[in-house]
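All remarks here apply to the structure that follows.
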Amino acid sequence: GIFTPPTYKCPYGKPGDRLWVKETWAIDECNGDDVYGHTGPVIYYRATDHDTCGNPWRASRFMPRWASRITMEILSIRVERVQEISQEEAKAEGVMFWWQCKDGMRRLSDKHTEFRGCNVPEDKRNYIKGLHLLWDSIYAKKGYGWEANPFVWVIEFKRLEY
């Protein structure tokens, strides 16, 4: 007979679904009406706000939908092995790149491309190495390290503007 591989439903959604981003946040419920005409609670986001007016930061997992400022729409979903990722895709994951210098590999971020006065050209940046090391730090002890080359969900999305 003809072998039909099993199909799996992605637990994160399907194309067209909307996802909202949770991030570390704080709320000032007492701010009420301010001089700018704002009414209701003021939300602070740790990624961009440095002062919460004394309100404590709250963990991202407790952020309600109404407080989220980022919504994404799923464009496509596929399954592939983690090692099939391209340099461009690894860079889009936000990992630090690695660079081969005279005294070994160095880890740098896109914000800090200078190493000892030498600007690291884009074609010399190894984002896959950065993802490999990050991946192992999270999954190797669980038996899903880089060398196991597990299958992963690849979800492409676009950020929606409101």
Side-chain angles (χ1 to χ4, degrees), residues 1-29 38 40-50 52 55-100 105-113 120-162:
I2 298 175
F3 172 74
T4 304
T7 57
Y8 298 96
K9 181 180 176 183
C10 178
Y12 307 109
K14 60 188 181 308
D17 284 355
R18 292 185 174 183
L19 307 173
W20 54 283
V21 176
K22 293 182 176 188
E23 54 186 312
T24 303
W25 64 297
I27 186 170
D28 184 349
E29 297 181 63
H38 175 84
V42 174
I43 307 298
Y44 303 99
Y45 304 95
R46 192 171 208 163
T48 54
D49 298 320
H50 302 289
T52 66
N55 295 286
W57 289 115
R58 298 179 184 202
S60 59
R61 68 180 178 197
F62 300 119
M63 176 181 261
R65 170 67 188 102
W66 61 264
S68 175
R69 61 180 171 168
I70 303 171
T71 302
M72 301 176 300
E73 181 179 335
I74 296 176
L75 299 176
S76 68
I77 298 175
R78 68 182 185 278
V79 175
E80 67 183 30
R81 294 213 180 253
V82 71
Q83 290 183 23
E84 293 176 20
I85 195 165
S86 69
Q87 286 289 344
E88 185 176 301
E89 291 167 332
K91 180 180 179 179
E93 291 291 330
V95 298
M96 293 181 134
F97 68 86
W98 286 75
W99 176 57
Q100 182 68 48
M105 292 291 281
R106 294 280 186 233
R107 179 176 69 159
L108 298 169
S109 73
D110 278 331
K111 293 180 183 176
H112 304 95
T113 60
V120 181
E122 184 70 32
D123 65 340
K124 300 296 182 191
R125 300 177 190 184
N126 189 335
Y127 293 95
I128 293 175
K129 176 71 173 176
L131 181 65
H132 172 173
L133 295 170
L134 176 62
W135 186 272
D136 276 349
S137 75
I138 299 168
Y139 300 109
K141 289 181 182 177
K142 299 174 185 176
Y144 300 105
W146 186 264
E147 294 308 316
N149 202 15
F151 284 101
V152 294
W153 292 106
V154 179
I155 303 171
E156 296 181 85
F157 58 87
K158 69 176 178 181
R159 183 175 176 168
L160 300 177
E161 302 296 329
Y162 290 101

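The first residue in the sequence is number 1, and the count goes up from there.
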One pair to check against side chain to side chain contact (heavy atoms under 4.5 Å, CB included): Y8 and V79. What are the steps and the verdict? CA-CA 10 Å; Y8 298 96; V79 175; over 6 Å; no
What I'd like to find out is whether the side chain of N126 reaches to under 4.5 Å of the side chain of Q87, using heavy atoms alone. yes
So do the side chains of I27 and R58 get within less than 4.5 Å of each other, counting heavy atoms only? yes
Whether the side chain of N149 engages the backbone of Q83 through a donor-acceptor N/O pair (distance < 3.5 Å, no angle test) should be reported. yes
Contact summary for F157 and I74, nearest pair of heavy atoms: CB-CA, 4.2 Å
Could you check M72 against R18 for side chain to side chain contact (heavy atoms under 4.5 Å, CB included), going step by step and ending with a plain yes or no? CA-CA 5 Å; M72 301 176 300; R18 292 185 174 183; over 6 Å; no
Between OH on residue Y45 and CH2 on residue W57, distance to nearest 0.5 Å: 10.5 Å
Quick check: closest heavy atoms across W25 and P64, and the distance to 0.1 Å? CZ2-CD, 3.4 Å
OG/S76 to CD1/I155 distance, rounded to the nearest 0.5 angstrom? 9.0 Å
Verdict with reasoning, E147 to D136, per side chain to side chain contact (heavy atoms under 4.5 Å, CB included): CA-CA 9 Å; E147 294 308 316; D136 276 349; 5.7 Å; no
Backbone N or O of R46 within a donor-acceptor pair of the D49 side chain at under 3.5 Å? no
Just how far is it from atom CH2 of W153 to atom CD1 of I77, taken to the nearest 0.5 Å? 7.0 Å
Which of parallel (below 30°), tilted (30 to 60°) and perpendicular (above 60°) describes W146 and H132? parallel
How long is the span from the CE atom in M96 to the CG atom in L131, to the nearest 0.5 Å? 14.0 Å
With rounding to the nearest 0.5 angstrom, report the OG1 to CD1 distance, T52 to I43. 11.5 Å
Steps toward salt bridge (Lys or Arg N to Asp or Glu O under 4.0 Å) verdict (R69, E23): CA-CA 9 Å; R69 61 180 171 168; E23 54 186 312; 2.9 Å; yes
All heavy atoms of F151 vs all of R81, minimum pair found to be CE1-NH2, 3.2 Å
Side chains of T24 and R61: do they bring a donor and an acceptor to under 3.5 Å? no
Using 0.5 Å steps for rounding, measure from the NZ atom of K158 to the CD atom of E156. 13.0 Å
Heavy-atom pair with the smallest gap, counting every atom of G145 and P150: O-CD, 3.5 Å
Answer yes or no: is there a side-chain heavy-atom contact under 4.5 Å between L19 and Y12? no
Under 4.0 Å between a side-chain nitrogen and a carboxylate oxygen: does that hold for E93 and K91? no
Would you check, one step at a time, whether the test side chain to side chain contact (heavy atoms under 4.5 Å, CB included) holds for S68 with R65? CA-CA 5 Å; S68 175; R65 170 67 188 102; 3.4 Å; yes
Would you confirm whether W135, through its side chain, and A140, through its main-chain N or O, come within 3.5 Å as a donor-acceptor pair? no
